[in-house]
Amino acid sequence: MKRTEIKTLLQSTGYGKEVNVKGWVRTKRGSKHVAFIALNDGSTIKNIQIVAEINPETEKTLDKIHTGAALSVDGLVIESPGSGQKVELQAKNIDILGPANPDEYPLQPKKHSLEFLREKAHLRFRTNTFSAITRVRHAMIFAVHNYFNDHGFYNIHTPIITGSDAEGAGEMYQVTTLDLSNVPKNENGEVDFSKDFFGKATNLTVSGQLEAELAALALSKVYTFGPTFRAENSNTSRHLAEFWMIEPEMAFYDIRDDMDLAEDMLKYLIRYALDNCMDDLEFLSKRLLDEEKNKKAEERSMELVEKLRFVLDQDFERITYTRAIDILRNSKPNKKKKFRFVIEGWGADLQSEHERYLVEKYFKKPVIITDYPKDIKAFYMKQNEDGKTVRAMDVLFPQIGEIIGGSQREDDYDKLYNRIKEMNIPEESMWWYLETRKFGSVPHSGFGLGFERMMLFMTGMGNIRDVIPFPRTPLNCEF
RNA sequence: UCCUCCUUAGCUCAGUUGGUUAGAGCACCUGACUGUUAAUCAGGGUGUCCUAGGUUCAAGUCCUAGAGGAGGAGCCA
């Protein structure tokens, strides 16, 4: 018999029909004459209830069924007399495809800590929380491509191994085929990378932006959505060593167009989740309420679905860095020196406590900050006429902080060249980037959206290690 | 990398000012129950108290070092 997915089965009213389902046991319970098995196949967060009569014939099989076992069940679809579900399956035959020894199987039908499940990442897909996150993650991946496709963007695969060491986004992982126990050296005693696979030093990419710009200056609107690697020793709930980043890059867009796109895209993704993932969002919402039930009312987060709808309905607040500094300088926590870093004046970098104040206390909605001092931002950002600021924009979300960082790019050859010199970036590694400003240069803009940070927002999870299947962080590369 | 906290049964956790044989719930096994909803009820055994030193008559508890984890900070997405 052909397998019916549980998602399909639960929506059917074909009572009396015989079907086959396959899946993994979540719980088994029952009394003397009847056993109830909650079976899940990942097609939905919901389980199908298998009802099995206990008699001398079935007892042997039923005794071997525990949480975690894989079953194939043939049975009749019936209307459930119980109160927890509409449809259930009256078992006619149960095959154990793969047993799970209850003495060894670590997952139980109870609450496990997220830390414990992180150590069991090979099995945590089998929990409600992670199967929900995985389905939402898929929906978001799909929605990203959908959005850009519908808006006339082309997807670009930018390189994962890069020979440029000037991308200006933090520490990089070296990629080499050299024998590390016998590294070739040149006359000066330095590593001789000419003997390496590419004949030069290479790294894993920290951003696809520079290459995406090259494509945008021909195809007008492009985006990348690929893995990104940062060798920073960051130990926080918002950082991964390997993560996925979405980087659109648009010719003929100025900073305002860039912000419009960022806001529209984020709202599209939220709407897509609300339209397509409601079962999972409702589960994740309950999970969050439960997790925070011991917190004081003022420390609890907004209910998940309500929060998503709220952000969807708000225009993001757009302010300049200069205005942000004014607000912060006159704020209570600054005057009372409650900030760890008190804002003294213009030019200071905004710390996460300042961003959180602006987003969570002052405006109480997402905020886009623009026109930062050029000294605290990257070399490729478009310089403003004031000579002090650049057309950068950061989108700040409650709890997560910076979810998007972007800018209009410097399209003037001389200004870009001078900035590269000023910041001591090796000019010879940037010749191809500079050349695009020499031939048919146009205003263009782009941004980077951290996919897992968006997943944090979308699922209400608190730790970025729980929204990616196999997190890579300092000292953790298991699985 | 810095600051703070944590590490006790398979899991979640309690363990008082250092003092007999280290506890509970869940899971597991046995039994009861005509349909349960993380079923319920009764019974059963379960420990490298993270590791290595140290203080002490006596250490799960105190001290030192190390390992791992969490939260916050920096870096950023």
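Here is the naming used below: chain letters follow the sequence lines, and residue numbers restart at 1 for every chain.
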Using 30° and 60° as the class boundaries, would you call the ring planes of Tyr268(A) and Tyr147(A) parallel, tilted or perpendicular? tilted
Rounded to whole Å, how long is the line connecting atom CD1 of Ile37(A) with atom C1' of G35(B)? 14 Å
Of the listed nucleotides A73(B), U36(B), A77(B), the one nearest the side chain of Ser352(A): A73(B)
Round to a whole Å and report the spacing from CD1 of Ile50(A) to C1' of A39(B). 18 Å
Atom pair distance, as rounded to whole Å: CD in Gln85(A) and C1' in A39(B): 13 Å
Checking A77(B), C76(B), U37(B) against the side chain of Gln49(A) (C-beta onward), the nearest is U37(B)
N or O in side chain of Thr27(A) less than 4.0 angstrom from A39(B) OP1/OP2: yes
Using a cut-off of less than 4.0 Å, is there contact between a side-chain N or O of Ser237(A) and OP1 or OP2 of G72(B)? yes
Rounded distance [0.5 Å steps], CZ in Arg126(A) versus CG in Leu107(A): 7.5 Å
Under 4.0 angstrom, heavy atoms only, what part of the nucleic acid is Leu475(A) near: base, sugar-phosphate, or nothing? sugar-phosphate
Mind jotting down which residue pairs meet the side chain to side chain donor-acceptor pair (under 3.5 Å) criterion with at least one end in residues 340-363 of chain A? Sequence neighbours excluded, please. Thr322(A)-Trp346(A)
Under the 5.5 Å and 30° test, is Phe36(A) stacked on the base of A39(B)? no
For G72(B), does either OP1 or OP2 sit under 4.0 Å from a side-chain N or O belonging to Arg238(A)? no
Answer with base, sugar-phosphate or nothing: what part of the nucleic acid does Gly82(A) contact at a heavy-atom distance below 4.0 Å? base
Who does A22(B) pair with, Watson-Crick or G-U, both distances under 3.5 Å? none
Tell me the partner of U64(B), counting only Watson-Crick (N1-N3 plus N6-O4 or O6-N4) or G-U wobble (N1-O2 and O6-N3) with both under 3.5 Å; none if nothing fits. A52(B)
In Watson-Crick or G-U wobble terms, with both distances under 3.5 Å, the base opposite C28(B) is G44(B)
Look at the side chain of Glu88(A) and the base of G35(B), then say whether one donor and one acceptor between them are separated by less than 3.5 Å. yes
Nearest-neighbour nucleotide for the Phe341(A) side chain, G35(B), C75(B), A73(B) considered: A73(B)
Within the structure shown, what part of the strands sits under 4.0 Å from Gln108(A) by heavy-atom distance: base, sugar-phosphate, or nothing? base
Decide whether Glu213(A) and His444(A) meet the rule of one side-chain donor and one side-chain acceptor closer than 3.5 Å. yes
So, OP1 or OP2 of G74(B): does either fall under 4.0 Å of a side-chain N or O from Arg340(A)? no
Provide, to the nearest angstrom, the distance between the CD atom belonging to Glu291(A) and the P atom belonging to U12(B). 14 Å
Applying a 4.0 Å non-hydrogen cut-off, can you work out what Phe243(A) is touching in the nucleic acid: base, sugar-phosphate, or nothing? base
Tell me what Ser113(A) touches on the nucleic acid: a base, only sugar-phosphate, or nothing, going by heavy atoms under 4.0 Å. sugar-phosphate
Please report, rounded to the nearest Å, how far the P atom of U36(B) is from the CG atom of Asn47(A). 18 Å
Across all strands, who's sitting opposite C2(B) as a Watson-Crick or G-U wobble pair, both distances under 3.5 Å? G72(B)
OP1 or OP2 of C75(B) versus the side-chain N and O atoms of Gln351(A): is any pair under 4.0 Å? yes
Arg135(A) side chain to Asp280(A) main-chain N or O, any donor-acceptor pair under 3.5 Å? no
Reckon Ile404(A) touches a base, only the sugar-phosphate, or nothing at all at heavy-atom distances under 4.0 Å? sugar-phosphate
Sugar-phosphate, base or nothing in reach of Ile400(A), heavy atoms under 4.0 Å: nothing
Between C63(B) and U4(B), how far apart are the P atoms? Round to whole Å, please. 14 Å
What residue among Phe470(A), Phe130(A), Trp24(A) forms ring pair (Phe, Tyr, Trp, His ring centres under 6.0 Å) with Phe125(A)? Phe470(A)
Go through A73(B), U34(B), U37(B) for me and flag the one nearest to the Arg29(A) side chain. U37(B)
Residue mapping more 5' on RNA chain B - nearest nucleotide basis, Thr473(A) or Gly405(A): Thr473(A)
Rounded to whole angstrom units, what separation is found between the CZ atom of Phe116(A) and the C1' atom of A70(B)? 16 Å
Look at Arg356(A) and A73(B) and indicate whether a side-chain polar atom (N or O) is within less than 4.0 Å of OP1 or OP2. yes
For a quick test of reading the model: is some side-chain N or O of His66(A) closer than 4.0 Å to OP1 or OP2 of G10(B)? no
With rounding to whole Å, what would you report as the distance between C11(B) and A67(B) at their C1' atoms? 22 Å
Please tell me which of the listed nucleotides, A77(B), U1(B), G35(B), lies nearest to the side chain of Asn233(A)? U1(B)
Distance test, side-chain N/O of Arg26(A) to OP1/OP2 of U37(B), below 4.0 Å: no
Can a side chain N or O of Asn235(A) be found less than 4.0 Å away from OP1 or OP2 on C75(B)? no
Quick one: do the Ser407(A) and Arg409(A) side chains pair a donor with an acceptor below 3.5 Å? yes
Using the ring of Phe457(A) (Phe, Tyr or Trp, six-membered ring only), decide whether Lys307(A) places NZ or CZ under 6.0 Å from its centre and within 45 degrees of its axis. yes
Remember a base hit wins even if backbone is also touched, and classify His239(A) as base, sugar-phosphate or nothing at under 4.0 Å, heavy atoms. base
Say we look at G25(B) and U21(B): how far apart would their C1' atoms be, to the nearest angstrom? 22 Å
Pro81(A) side chain: which of G35(B), C76(B), U1(B) is closest? G35(B)
Which of A70(B), C75(B), U37(B) is nearest the side chain of Ser234(A)? It is C75(B)
Specify the separation, in whole Å, of atom CD of Glu171(A) and atom P of A77(B). 14 Å
